[in-house]
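Positions are given from 1 along the sequence.
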Amino acid sequence: MISFLLGQSCLTLRDEGFDIPDIIIFPEFIIGICTMLWAGYLSAIYGATKKSSMKAYLFVLGLLTCWSLLLGSYSSIYAIREAFFSPHGFGVWIAFLLVLPGQNKRFWGYFKNHLLTIYKLSLILQIVAIALLFNENRGLLRVNFSTSISLFVFGWGLLSADKSYTRWGLIGLVLFSLHNLFLNQRESFFLPLEFLVFLLMVCFTRSFKQASAKIICVLLIAFAVFGMFADTIVPEQYQQILNKSRIFEDTRTIVLKDYLDSDMNQPMNYLFGKGVNGFFESRIRYNDIGGLGTSLGIEIGYLQMLLNVGAFYVLIMILISFIPAVKSVLTARNPLAIIAGLWVMVRLINMTFAAVPQTNFSWFLFWLCIGILNSTEMPQNNFEDA
């Protein structure tokens with residue numbers, strides 16, 4: 001996760017005009033992909049006891065992923081590089097392997113012991129990003145990693161009564177909420193609201209301390225007040241980088257129409273996708289692989305998945321995620337299992353309007369949580385074992 005965090009940050013820096021050569025950027029992605037494959041292999045051989053249905057689902061996902069890699073357009077060195085090392089590349093579609101270590105209780109003990117290390121690195125990068133933001137470097141170091149990990153840390157800490165995790169989560173939420181407002185990122189702006197609302201419902205309907213609900217209510221009110229009165233709160237010299245109106249701007253209708261009018265209406269394209277470098281005919285866009293009149297990226301997560309890996313992949317992903325997530329939120333006693341269910345539900349909702357999946361912490365955490373929800377080893381009725 002750290003390797004992908006560093007790799008994507010370097011890519012963003014280069015997109016902003018910094019001269020960073022490939023030899024510095026791509027080793028992080030290579031390490032990340034190899035580690036993911038190795039973790040999946042070790043877990044499959046020595047790790048969790050998998051359900052028979054999960055074995056079948058993962059096998060099909062593996063076949064679909066290999067097929068999507070074969071379908072990719074490799075007309076240039078740039079296309080090959082994008083297929084393996086871009087935020088929408090091959091790393092996204094092999095992330096399902098993280099279901100395997102996610103099913104292993106021992107993995108989560110190790111993960112918890114090292115989570116704050118990853119989190120503190122995200123905090124440092126976020127502080128740097130905010131400093132650069134106030135120097136009018138708007139797109140530098142995007143916050144998807146940091147928002148995800150801060151919400152997860154906060155929720156886990158709150159439900160398990162871990163004051164250290166709760167405090168660190170609060171620090172992250174304050175920093176990232178501020179940054180999101182300036183970056184005008186719809187997904188990152190609404191994600192904390194969605195997550196906190198679901199978490200509040202859990203606190204009210206389950207046997208949690210009332211103090212937890214009070215903390216969440218205060219956060220929701222503070223977030224809403226800041227969003228409504230940011231024009232007054234933000235100093236005048238920084239008003240030029242504040243454009244909260246774009247968060248509520250409709251930028252999806254034109255993208256959806258462009259997608260529906262394209263060649264994606266063919267059944268085979270919908271069912272199996274067009275590969276990791278797949279592109280569709282576009283009236284409004286250009287990309288370096290397909291050329292003028294084509295688009296690689298879509299601002300709606302489910303459509304992105306249909307383009308790259310197809311409807312079968314999406315269907316299996318929902319089968320192994322949504323029902324277990326709802327069941328966990330309603331019945332589990334383990335705080336980790338509850339937070340995993342909440343996270344999966346929020347990500348599934350967000351993909352109706354957010355530009356995910358990407359090779360980042362949010363997506364990896366999504367698959368790890370699916371592993372928890374389908375685990376035969378994770379305790380569901382022992383609050384102290386979280």
Q) Considering the options I349, N350, L348, which one meets the side chain to side chain contact (heavy atoms under 4.5 Å, CB included) requirement together with V346? A) N350

Q: Over 60° means perpendicular and under 30° means parallel, so classify the ring planes of W108 and F152, tilted if in between.
A: tilted

Q: Verify whether the ring centers belonging to F312 and F272 lie closer than 6.0 Å.
A: yes

Q | hydrophobic_cluster_shared for I20 and I30, side chain cutoff 4.5 Å | A | yes

Q) Hey, would you say the F366 and W363 ring centroids sit under 6.0 Å apart? A) yes

Q. Are the side chain of Y119 and the backbone N or O of Y165 linked by a donor-acceptor pair below 3.5 Å?
A. no

**Q.** Hphob cluster co-occupancy, L306 + L63, side-chain heavy atoms under 4.5 angstrom
**A.** no

Q: For residues P192 and L151, determine if any side-chain heavy atom of one lies less than 4.5 Å from a side-chain heavy atom of the other.
A: yes

Q | Inter-residue atom distance S321.OG - Y57.OH, 0.5 Å rounding | A | 10.5 Å

(Q) Show me the pairs that pass salt bridge (Lys or Arg N to Asp or Glu O under 4.0 Å) and involve residues 65-88, at least two apart or across chains. (A) D22-R81

Q. What is the distance from atom CD1 of I316 to atom CG of L64, rounded to the nearest 0.5 Å?
A. 5.5 Å

**Q.** Ring-ring centroid check W168 F154, cutoff 6.0 Å
**A.** no

**Q.** Ring-face cation contact, F322 with K327, 6.0 Å cut, 45° max
**A.** no

Q | Between CD1 on residue I215 and CG on residue L170, distance to nearest 0.5 Å | A | 7.0 Å

Q. To the nearest 0.5 Å, what is the distance between CG (L342) and SG (C369)?
A. 9.5 Å

Q: Examine distances only and state if a side-chain atom of N277 and a backbone atom of A79 form a donor-acceptor pair shorter than 3.5 Å.
A: yes

Q. What are the two closest heavy atoms between G155 and L199, and how far apart are they?
A. CA-CD2, 4.1 Å

Q. Considering only heavy atoms from C-beta outward, does the side chain of I300 approach that of Q304 to under 4.5 Å?
A. no

Q) Do V344 and M201 belong together in a cluster built from hydrophobic side chains that touch within less than 4.5 Å? A) yes

Q.
Quick check: is Y270 connected to V60 through a chain of hydrophobic side chains (ILVMFWY, heavy atoms under 4.5 Å apart)?
A. yes

Q. Between I339 and P335, is any pair of side-chain heavy atoms under 4.5 Å apart?
A. no

**Q.** Atom pair CG/NZ of L307 and K274 - distance to nearest 0.5 Å
**A.** 7.0 Å

Q | Distance-minimising heavy-atom pair for L200 and A213 | A | CD1-O, 3.6 Å

Q) In terms of hydrophobic clustering (I, L, V, M, F, W, Y; side-chain heavy atoms under 4.5 Å; direct or indirect links), are L303 and I284 co-clustered? A) yes

Q) Can you tell me if S375 uses its side chain to pair, donor with acceptor, with the backbone of G371 under 3.5 Å? A) no

Q: Considering non-hydrogen atoms only, spot the tightest contact between W367 and F96 and give its length.
A: CD2-CA, 3.5 Å

Q. Would you say the side-chain atoms of T166 pair up with the backbone N or O of G157, donor to acceptor, closer than 3.5 Å?
A. yes

Q: From the options F279, F280, Y302, select the one residue that forms a ring pair (Phe, Tyr, Trp, His ring centres under 6.0 Å) with Y259.
A: F280

Q. Looking at D162 and R167, does any basic side-chain N land under 4.0 Å from a carboxylate oxygen?
A. no

Q) Has I77 got more than 12 heavy atoms of other residues, nucleotides or ligands less than 6.0 Å from its CD1? A) no

Q: With rounding to the nearest 0.5 Å, note down the distance linking CG in L58 to CG in N374.
A: 8.5 Å

Q.
Heavy-atom count check: over 12 atoms from other residues, nucleotides or ligands less than 6.0 Å from Y110 OH?
A. no

Q) Do side-chain atoms of Q103 reach the backbone of I370 as a donor and acceptor pair under 3.5 angstrom? A) no

Q. Does CD1 in I323 sit with more than 12 non-hydrogen atoms of other residues, nucleotides or ligands closer than 6.0 Å?
A. no

Q: Given side chain to side chain contact (heavy atoms under 4.5 Å, CB included), test F198 with V329 step by step and report yes or no.
A: CA-CA 10 Å; F198 276 106; V329 170; over 6 Å; no

Q | Polar side-chain atom of S295 near backbone of R285 as donor-acceptor pair, under 3.5 Å | A | no

Q) Would you say the side chains of T294 and N287 form a donor-acceptor pair under 3.5 Å? A) yes

Q. Do side-chain atoms of N308 reach the backbone of G273 as a donor and acceptor pair under 3.5 angstrom?
A. no

